[in-house]
Amino acid sequence: MRWALIGASTIASEHVIGAIRSTEGGEIVRVVSGSPERGAEYARTHDIPASGTSVEEAVSDASVDAVYISTTNEKHFAQAMAAVEAGRHVLCEKPLAMTVEEAAGMVAAAEKAGVVFATNHHLRCSGSHRKMRALIKEGRIGDVLSVRVFHAVHLPGHLQGWRINSAEAGGGVIPDITVHDADVVRFLLGEDPVSVVAKMAVSGMGQGVEDSAMSVWNMPSGAMVMSHESFTHPFAGSGLEVHGTKGSIFARGVMTQQPVGKITLVTEAGEEDVPFSGHNLYAQGLADFMGAVHGGGRPAADGWDGVKSLAVALAVREAAQSGTSQTVDYGVAP
Ligand code: NDP
């Protein structure tokens with residue numbers, strides 16, 4: 001599979017280039033950057049044969065099978081539409097777009113074109129989250145009553161750019177991290193939040209965008225979710241808890257890009273440490289994508305998963321802005 005990277009980004013250099021190359025036959029043939037010099041330098045650094053500034057040129061290159069879009073968020077829509085129109089499979093970064101309508105438009109266009117469209121929600125690719133989902137499905141904790149998501153981190157210095165100072169580029173902790181948490185909860189429980197209440201704040205980093213958010217979601221089953229995201233917490237650690245009628249799952253350190261952390265299951269029988277696979281999250285996502293392209297399965301998170309996680313995140317922001325409960329509007333998502 002021959003890939004074009006759209007966006008000379010940090011996430012590609014730190015995780016996704018390696019993940020693409022870890023797949024059988026996975027090859028990166030070109031990179032698109034807004035700057036010719038930056039693109040050329042990026043291509044040199046990462047041993048990519050070609051670079052350019054034109055998305056159209058990249059997607060019309062007949063040797064390109066798939067594109068990975070990891071530009072800033074406001075660019076995803078037009079770039080994904082160009083790739084889909086050219087008949088390329090698409091792996092797009094979250095949040096898929098700035099609005100639910102745009103995100104749904106991208107995914108519907110991909111369906112119509114018959115190409116695979118996936119969202120790079122890496123957390124559902126982790127051994128820890130897949131193990132927690134299996135425990136819930138096996139009934140080990142009974143009926144789920146509630147979920148607590150702790151995802152307040154300290155944004156590293158090299159990422160303190162558009163995320164903290166550009167609403168136009170899709171900055172703010174809600175499109176950055178709440179969107180992931182929405183996907184995690186949907187993945188674990190297999191249902192979509194109905195309504196949310198929320199508060200958000202600027203707590204030392206955000207310049208014109210929120211850097212912290214707390215929200216509470218109602219699920220169709222009656223389960224409740226509380227979710228906390230921030231860019232400003234150096235020592236909070238991350239965690240995920242799922243509480244049910246017959247047991248509780250406590251996971252620590254699992255809201256991360258690395259295959260790390262700890263899961264403890266507590267039931268009437270006592271407390272047990274639960275082992276899980278330590279595979280690379282991004283490599284798993286790429287392997288699942290390849291499986292979908294070759295007809296053997298679906299991507300870890302497909303396009304509609306990306307639309308729905310965006311819908312939840314935008315409802316959280318709307319709830320925080322308005323001070324009122326918001327029904328999540330999934331648009332045309334099935
Ligand atoms: P970056 O800021 O690293 O990259 C975004 C764009 O900024 C690039 O496309 C590039 O533009 C430009 N850029 C990057 N570095 C520089 C630089 N040193 N000087 C000038 N311009 C630069 O963003 P991220 O990689 O952190 O995020 C990109 C996307 O990926 C976002 O949509 C984000 O939400 C998502 N993401 C997803 C993660 C996940 O785990 N799923 C984790 C992190 C991010 P150009 O291409 O024009 O050169």
Side-chain angles (χ1 to χ4, degrees), residues 15 19 22 94 120-154 177-194 214-230 233-288 291 297-301 305 308-309 312:
H15 294 281
S22 76
K94 44 51 65 173
N120 201 29
H121 277 307
H122 64 292
L123 288 166
R124 63 161 72 198
C125 299
S126 69
S128 58
H129 289 229
R130 290 186 175 188
K131 174 55 85 174
M132 290 177 74
R133 185 181 197 232
L135 292 172
I136 296 165
K137 270 198 156 173
E138 287 159 15
R140 298 290 299 278
I141 62 167
D143 296 330
V144 174
L145 299 168
S146 63
V147 179
R148 300 178 188 162
V149 185
F150 314 117
H151 205 162
V153 300
H154 193 262
I177 306 185
T178 308
V179 75
H180 274 311
D181 295 342
D183 185 66
V184 165
V185 170
R186 291 187 56 256
F187 176 68
L188 291 181
L189 303 193
E191 57 178 352
D192 303 327
V194 176
M214 291 187 181
S215 53
V216 175
W217 317 342
N218 286 111
M219 304 300 286
S221 62
M224 293 181 72
V225 178
M226 65 182 234
S227 188
H228 178 203
E229 297 83 23
S230 180
H233 287 46
F235 306 111
S238 76
L240 185 53
E241 296 177 0
V242 188
H243 303 286
T245 51
K246 292 187 184 158
S248 285
I249 302 167
F250 296 85
R252 286 291 179 268
V254 297
M255 306 303 283
T256 167
Q257 296 174 306
Q258 303 299 333
V260 295
K262 183 173 168 23
I263 301 177
T264 308
L265 173 66
V266 181
T267 63
E268 220 169 38
E271 195 173 301
E272 60 177 284
D273 286 345
V274 181
F276 56 85
S277 166
H279 59 255
N280 179 297
L281 282 64
Y282 294 91
Q284 183 66 55
L286 262 295
D288 291 354
R298 53 158 267 156
D305 290 316
K308 290 181 177 182
S309 62
V312 176

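Between Asp305 and Arg298 there is a salt bridge, with a side-chain nitrogen of the basic residue lying less than 4.0 Å from a carboxylate oxygen of the acidic one.
Nearest approach of Pro234 to His154, heavy atoms of both residues: CA-CB, 3.7 Å. Taking each heavy atom of Ser22 and Ala283 in turn, the nearest pair found is OG-CB, 3.6 Å. In terms of heavy atoms, Pro193 sits closest to Trp217 at CG-CE3, 3.8 Å. Between Cys125 and His279, the shortest heavy-atom distance links the atoms O-NE2, 2.7 Å. Taking both residues in full, the closest heavy atoms of Val254 and Val260 are given as CG1-O, 3.8 Å, listed atom of the first, atom of the second, then distance. Shortest non-hydrogen contact noted between Lys246 and Gly142 is CB-N, 3.7 Å.
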Discussion item. Val147 vs Val184, test: side-chain contact (heavy atoms from CB on, under 4.5 Å). Steps then yes/no.
Written reply: CA-CA 10 Å; Val147 179; Val184 165; over 6 Å; no

Worksheet entry | Residues Thr245, Leu145; criterion side-chain contact (heavy atoms from CB on, under 4.5 Å); working and verdict | CA-CA 7 Å; Thr245 51; Leu145 299 168; 4.0 Å; yes

Practice prompt. Decide yes or no on side-chain contact (heavy atoms from CB on, under 4.5 Å) for Val242 and Val144, but give the supporting numbers first.
Written response: CA-CA 7 Å; Val242 188; Val144 174; 3.8 Å; yes

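The closest side-chain heavy-atom distance from Val179 to Val312 is not below 4.5 Å. In this structure the side chain of Leu240 reaches within 4.5 angstrom of the side chain of Leu188, judged on heavy atoms. Looking at heavy atoms from C-beta onward, Leu281 lies in side-chain contact with Pro259 at the 4.5 angstrom threshold. When side chains are defined from C-beta on, Ile249 counts as touching Ile136, because their heavy atoms get closer than 4.5 Å.
Note that OG1 of Thr178 and NE2 of His228 are 9.5 Å apart. Values are rounded to the nearest 0.5 Å. Atoms CZ and CZ, from Phe150 and Arg252 in turn, are 5.0 Å apart once rounded to the nearest 0.5 Å. Rounded to the nearest 0.5 Å, atoms CD (Gln284) and CZ (Arg124) are 12.5 Å apart. Rounding to the nearest 0.5 Å places NE2 of His243 at 5.0 Å from CZ of Phe250. In this structure, Ser126 OG and Gln257 CD are separated by 12.0 Å, a value rounded to the nearest 0.5 Å.
Ser146 places no side-chain N or O within donor-acceptor distance of the main-chain N or O of Met224, the cut-off being under 3.5 Å. For the pair Glu191 (side chain) and Ser221 (backbone), a donor-acceptor distance under 3.5 Å is present. Between the side chain of Arg133 and the backbone N or O of Phe187 there is at least one donor-acceptor pair closer than 3.5 Å. Side chain of His121 to backbone of Ala300: no donor-acceptor contact under 3.5 angstrom is found.
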Identify all side-chain donor-acceptor contacts of residues 262-269 below 3.5 Å with residues at least two apart in sequence or on another chain.
from: Lys262; atom 1: NZ; to: Asp273; atom 2: OD1; distance (Å): 2.9
from: Lys262; atom 1: NZ; to: Asp273; atom 2: OD2; distance (Å): 3.4
from: Thr267; atom 1: OG1; to: Ala269; atom 2: N; distance (Å): 3.2

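Under the 6.0 Å cut-off for aromatic ring centres, His15 and His122 do not qualify, their centroids lying 6.0 Å or more apart.
Heavy atoms from other residues, nucleotides or ligands lying under 6.0 Å from CZ of Arg140 number 12 at most.
Of the residues His180, His129, Glu229, the one that meets the side-chain contact (heavy atoms from CB on, under 4.5 Å) test with Met255 is His129.
Looking at Ser238 and His151, their side chains never bring a donor and an acceptor atom within 3.5 Å of each other.
Applying the side-chain hydrogen bond (donor to acceptor under 3.5 Å, both in side chains) rule to Asp192 yields the partners Arg186, Lys308; only residues at least two apart in sequence or on another chain are considered.
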